Protein chains: 2
Amino acid sequence: MAHHNIDIQSAFEAVCALFHNLQPHEKEKIRANFTCSYIKRGEIIFRDGEIPTGLVCLYKGKVKIFKEGVGGRDQIVRMAKPVGFFGYRAMFADENHIATAEALEDSIICTIERDCLLEILKTNADLTFHILKSLATELGFSNNRTITLTQKHIRGRLAESLLFLRDTYGLEDDEQTIKVYLSREDLANLSNMTTSNAIRTLSGFCNESVIELDGRRIKILDAYKLDRISNLG
Amino acid sequence: MAHHNIDIQSAFEAVCALFHNLQPHEKEKIRANFTCSYIKRGEIIFRDGEIPTGLVCLYKGKVKIFKEGVGGRDQIVRMAKPVGFFGYRAMFADENHIATAEALEDSIICTIERDCLLEILKTNADLTFHILKSLATELGFSNNRTITLTQKHIRGRLAESLLFLRDTYGLEDDEQTIKVYLSREDLANLSNMTTSNAIRTLSGFCNESVIELDGRRIKILDAYKLDRISNLG
DNA sequence: AATAAAATATGCTTTTAAACATCCGGTCGC
DNA sequence: GCGACCGGATGTTTAAAAGCATATTTTATT
């Protein structure tokens with residue numbers, strides 16, 4: 001790992017910037033309980049059932065968080081982007097993880113040791129409220145997502161997923177290509193469908209000139225139409 | 001409303017008991033911003049799109065929180081029981097409500113005015129952390145629920161809903177009858193299925209002697225079998 | 001470079017649950 | 001008392017998506 005030469009100081013500052021209203025002594029406390037590591041594409045960061053060891057932050061790369069469902073079918077419940085936290089829900093709820101986190105590309109993740117963070121939260125109401133707000137927002141997303149995944153048809157679900165990926169990771173310089181390269185299987189697991197149907201529907205969109213495909217590269221040609229499919233399909 | 005003679009003092013104490021670590025001056029502040037009202041069965045407490053006015057607490061009765069989905073099909077996202085809060089997610093996320101709350105039976109609800117509560121939270125880290133924890137737990141439920149509703153088959157979804165209702169509202173004195181009386185339509189909206197299918201599946205369970213039906217009264221005869229259907233069906 | 005393994009593509013079949021159509025029984029309002 | 005309406009029950013039809021089979025292409029491994 002050492003040969004990757006992670007710039008811990010930069011990572012530390014970037015992570016701390018996510019916290020608002022951090023007192024100097026709190027920052028030093030975090031520094032003393034802060035670790036960084038390099039994660040290769042495909043590696044597991046934590047597994048369903050494990051005890052959360054701390055607050056995980058993605059400094060570089062992309063991570064999917066998924067749950068294994070009925071008959072081994074995975075559902076992606078979250079896509080983490082840098083710089084942002086993930087895997088904190090279980091820690092705050094005082095539960096074991098209920099999902100698995102896997103790096104989608106080579107990534108750098110940082111961890112703030114659990115007890116250290118909890119101690120800071122016990123006295124910093126501002127910071128605690130900030131996290132509370134994030135959780136409330138996320139719960140809203142989750143509720144919306146439930147409706148989408150259960151009620152929209154395949155085309156609508158996939159269209160929404162593509163728009164979600166665009167909104168989460170942004171576009172390449174061409175202003176059209178979604179800045180994340182998922183396998184058809186991951187797209188399917190994000191959209192609650194089989195891999196076959198993801199492939200089929202994707203090539204359907206392609207025929208209708210809504211998107212353009214080049215391997216895992218997805219170019220959104222007609223965002224308006226994609227939005228319409230998402231909302232009415 | 002006055003003729004219903006709500007015991008505001010008892011309600012106030014019961015609601016405050018939900019908060020831990022409340023300072024005396026905070027309690028008085030809440031008392032000054034505390035209102036109670038009587039809600040008839042079928043009445044709407046708040047609607048999707050409205051601005052949250054405060055923290056709502058159910059003191060007596062039962063309330064369903066649902067979202068209208070594609071083609072007017074509702075999905076129940078939460079069932080509130082006394083004494084407990086609901087409708088707080090939107091307030092904490094600084095959003096408008098994304099769901100509608102309706103009383104399932106005659107109920108008494110109390111409201112703590114929004115700004116009053118937020119002020120208290122700004123300085124009471126303990127209390128804020130407590131709410132944070134609840135939200136984290138709820139987000140876990142929501143994620144689990146998404147998997148259930150998308151991946152389980154009709155029988156599994158309905159079985160899980162029945163067990164969920166039992167766990168939420170408990171059983172009558174006979175130790176078998178679920179202590180909530182939902183219409184077939186509500187059961188369907190809880191389980192992501194059409195009303196016809198809820199009726200059909202329910203009478204299926206009845207034929208298999210897993211449950212016993214008497215109108216809206218549902219008796220769980222074989223909890224073990226119901227659990228198995230939920231997990232494997 | 002050769003081979004194996006994984007990912008993608010596509011056609012066909014089957015299953016599931018929605019949609020639709022009645023029908024029944026109770027309740028409400030007039 | 002009558003008709004309208006609502007909730008519940010049940011059978012039939014239809015559509016959507018899963019499942020399965022099989023190519024083909026790409027990527028990884030030796």
Side-chain angles (χ1 to χ4, degrees), chain A residues 40-43 64 69-75 102 104-106 147-161 180-208 211-218 229 232-233, chain B residues 40-42 64 69-75 102 104-105 147-161 180-208 211-218 229 232-233:
Chain A
K40 277 221 258 307
R41 177 187 135 106
E43 267 186 74
K64 69 171 172 180
V70 182
R73 239 180 85 191
D74 293 335
Q75 175 67 48
E102 181 186 327
L104 288 167
E105 28 182 272
D106 294 356
I147 308 284
T148 290
L149 293 178
T150 54
Q151 298 197 357
K152 282 187 185 176
H153 285 178
I154 279 211
R155 286 167 56 86
R157 297 205 299 273
L158 185 63
E160 185 176 302
S161 288
V180 63
Y181 301 86
L182 296 181
S183 68
R184 304 294 193 257
E185 191 182 359
D186 278 339
L187 273 172
N189 290 344
L190 185 63
S191 315
N192 180 37
M193 62 185 65
T194 55
T195 307
S196 302
N197 276 328
I199 292 168
R200 232 187 293 274
T201 311
L202 221 44
S203 73
F205 288 170
C206 203
N207 290 335
E208 297 164 42
I211 61 170
E212 196 181 291
L213 292 170
D214 174 18
R216 294 191 178 186
R217 200 180 181 77
I218 300 171
I229 295 171
L232 307 167
Chain B
K40 277 221 255 309
R41 179 185 134 107
K64 67 171 172 180
V70 182
R73 239 181 86 193
D74 293 336
Q75 175 66 50
E102 181 186 327
L104 288 168
E105 30 182 272
I147 308 283
T148 290
L149 292 178
T150 54
Q151 297 198 356
K152 283 187 184 175
H153 285 178
I154 279 210
R155 285 166 57 85
R157 298 205 298 271
L158 186 63
E160 185 175 302
S161 288
V180 63
Y181 301 86
L182 296 181
S183 69
R184 302 294 193 257
E185 192 183 357
D186 278 338
L187 273 173
N189 290 343
L190 184 64
S191 315
N192 180 37
M193 61 186 65
T194 55
T195 306
S196 300
N197 277 328
I199 292 168
R200 230 187 292 274
T201 310
L202 221 44
S203 73
F205 288 169
C206 203
N207 290 334
E208 298 163 41
I211 60 170
E212 195 181 290
L213 291 170
D214 174 18
R216 296 192 175 186
R217 201 181 180 75
I218 300 172
I229 295 172
L232 306 166

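No hydrogens, no waters, no symmetry mates; every other heavy atom, side chains included, goes into these values. In the text below, chain A, chain B and the rest are named by the order of the sequence lines, each starting its count at 1. Quick caveat: nothing in here was measured; it's all calculated off a predicted structure.
Comparing D/dA17, C/dA18, C/dA7 by their closest approach to the side chain of A/His153 singles out D/dA17. In this structure, the nucleotide among C/dA7, D/dA18, C/dA17 sitting nearest to the side chain of A/Met193 is D/dA18.
Taking B/Asp186 as the reference, B/Lys64 meet the salt bridge (charged side-chain N to carboxylate O under 4.0 Å, His left out) condition, with sequence neighbours excluded. Taking B/Ala159 as the reference, B/Phe205, B/Leu226, B/Ile229, B/Ser230 meet the side chain to side chain contact (heavy atoms under 4.5 Å, CB included) condition, with sequence neighbours excluded. For B/Thr148, the side chain to side chain donor-acceptor pair (under 3.5 Å) partners two or more places apart in sequence, or in a different chain, are B/Glu160. B/Glu185 pairs by the side chain to side chain donor-acceptor pair (under 3.5 Å) definition with nothing, not counting sequence neighbours.
Rounded to an integer number of Å, the gap from CG of A/Leu158 to P of D/dA16 is 16 Å. Residue A/Arg41 contributes atom CZ, which lies 14 Å from atom P of C/dA6 at whole-angstrom precision. Atoms CG (A/Leu213) and P (C/dA7) sit 18 Å apart, rounded to a whole Å. Put simply, CZ on B/Arg73 is 12 Å from P on C/dA17, counting in whole angstrom units. Separating the NZ atom of A/Lys40 from the C1' atom of D/dA28 is a distance of 15 Å, rounded to the nearest angstrom. Spacing between atom CZ of A/Arg155 and atom P of D/dA17 amounts to 10 Å, rounded to whole angstrom units. Rounded to whole Å, the distance from CZ on A/Arg216 to C1' on D/dT27 is 10 Å. Counting to the nearest Å, the P atom of C/dA7 and the OH atom of A/Tyr181 are 19 Å from each other.
Using modelled atom types, one side-chain atom of A/Thr150 and one backbone atom of A/Ile147 make a donor-acceptor pair closer than 3.5 Å. Between the side chain of A/Asp106 and the main chain of A/Lys40, no donor-acceptor pair closer than 3.5 Å is present.
The only option from A/Thr201, A/Leu202, A/Thr195 that meets the side-chain contact (heavy atoms from CB on, under 4.5 Å) definition with A/Ile199 turns out to be A/Thr195.
A heavy-atom distance below 4.0 Å to DNA chain D is reached by these residues of residues 196-208 of chain B, ordered by number: B/Ser196, B/Ile199, B/Arg200, B/Ser203.
Closest non-hydrogen pair, A/Gln151 versus B/Gly69, comes out as OE1-CA, 3.0 Å.
Distances shown here put a side-chain N or O of A/Thr194 below 4.0 Å from the OP1 or OP2 atom of D/dA18. Distances shorter than 4.0 Å separate none of the side-chain N or O atoms of B/Ser183 from OP1 or OP2 on D/dG7.
One end of the helix from C/dA1-D/dT30 to C/dC30-D/dG1 points its axis 40° away from the other end's axis, with each axis taken from 5 pairs and the angle rounded to 10°.
Put simply, the side chain of B/Arg216 does not reach to within 4.5 Å of the side chain of B/Leu182, judged on heavy atoms.
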